[in-house]
J.: 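The structure's right below; bear with me while I get my questions together.
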Amino acid sequence: MNEQSATNEQTRTELEAAAYRRLRDHLRDHTDVQNIDLMNLAGFCRNCLSRWYMEAANDRDIAMDKAAAREIVYGMPFDEWKARYQREASAEQKAEFARSHPSG
């Protein structure tokens with residue numbers, strides 16, 4: 001890899017990291033958006049994002065469990081976030097989830 005390619009790769013990594021942090025912060029700021037809403041609309045949620053983060057760490061031999069990864073994404077322990085912000089899913093949300101995720 002030449003110097004230009006290395007610089008471009010570093011820049012790409014930095015841009016991707018910045019985009020991830022912005023997404024993470026956006027989700028932290030919009031606690032009214034429930035995970036089931038995200039799953040129904042986009043097919044992923046905060047828990048998915050934290051699982052991907054944990055898997056990336058583990059792939060690099062960095063020990064991380066689900067609770068630690070969730071705290072990074074949620075900005076607090078998951079149980080605390082659930083107690084503060086999670087609402088019971090409506091019948092409509094559950095029906096949409098069942099329709100859009102038939103194996104889930």
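This one's a predicted model, so the numbers in the text were calculated from it and none came from an experiment.
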J.: Looking at every heavy atom in both R87 and Q34, which two are closest together, and how far apart are they?
T.: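 The answer is N-OE1, 2.9 Å.
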J.: Locate the shortest heavy-atom distance separating S50 from A69; write the atom from each residue and the value.
T.: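 What the structure gives for the nearest pair is O-CB, 3.3 Å.
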J.: Which residue pairs satisfy the side chain to side chain donor-acceptor pair (under 3.5 Å) criterion with at least one member in residues 62-73, sequence neighbours excluded?
T.: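 Residue pairs passing side chain to side chain donor-acceptor pair (under 3.5 Å), neighbours aside: N47-R70.
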J.: How long is the straight-line distance from CH2 of W81 back to OH of Y85, given to the nearest 0.5 Å?
T.: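 The distance works out to 8.5 Å.
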J.: Check whether any side-chain heavy atom of V73 lies under 4.5 Å from a side-chain heavy atom of Y20, and answer yes or no.
T.: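 V73 vs Y20: side chains touch.
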J.: Of all heavy-atom pairs between A68 and M64, which one has the smallest distance, and what is that distance?
T.: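 Here A68 and M64 meet closest at CB-CG, 4.0 Å.
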J.: Enter the distance from L38:CG to C45:SG here, rounded to the nearest 0.5 Å.
T.: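 Result: 6.5 Å between the selected atoms.
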J.: For the residue pair F97 and H101, does the interplanar ring angle fall in the parallel (under 30°), tilted (30 to 60°) or perpendicular (over 60°) class?
T.: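 Plane angle under 30°, so parallel.
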J.: Can you measure from CD (Q86) to CG (N35) and round to the nearest 0.5 angstrom?
T.: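 Here the interatomic distance stands at 6.5 Å.
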J.: Would you say N58's side chain and A63's backbone share a donor-acceptor pair under 3.5 angstrom?
T.: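 It does not hold such a pair.
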J.: So which atom in Q93 and which in E88 form the shortest heavy-atom distance, rounded to 0.1 Å?
T.: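 Nearest pair, atom of Q93 first, then E88: OE1-O, 4.3 Å.
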J.: What pairs of residues pass the salt bridge (Lys or Arg N to Asp or Glu O under 4.0 Å) test when at least one of them lies in residues 15-40, not counting sequence neighbours?
T.: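 Listed once each, the pairs are R12-E16.
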J.: Treat each ILVMFWY residue as a node, draw an edge where side-chain heavy atoms are under 4.5 Å apart, and state whether F44 and I36 are in one component.
T.: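 Different clusters.
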J.: Are M39 and L41 connected, step by step, through hydrophobic side chains (Ile, Leu, Val, Met, Phe, Trp, Tyr) whose heavy atoms are closer than 4.5 Å?
T.: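 No.
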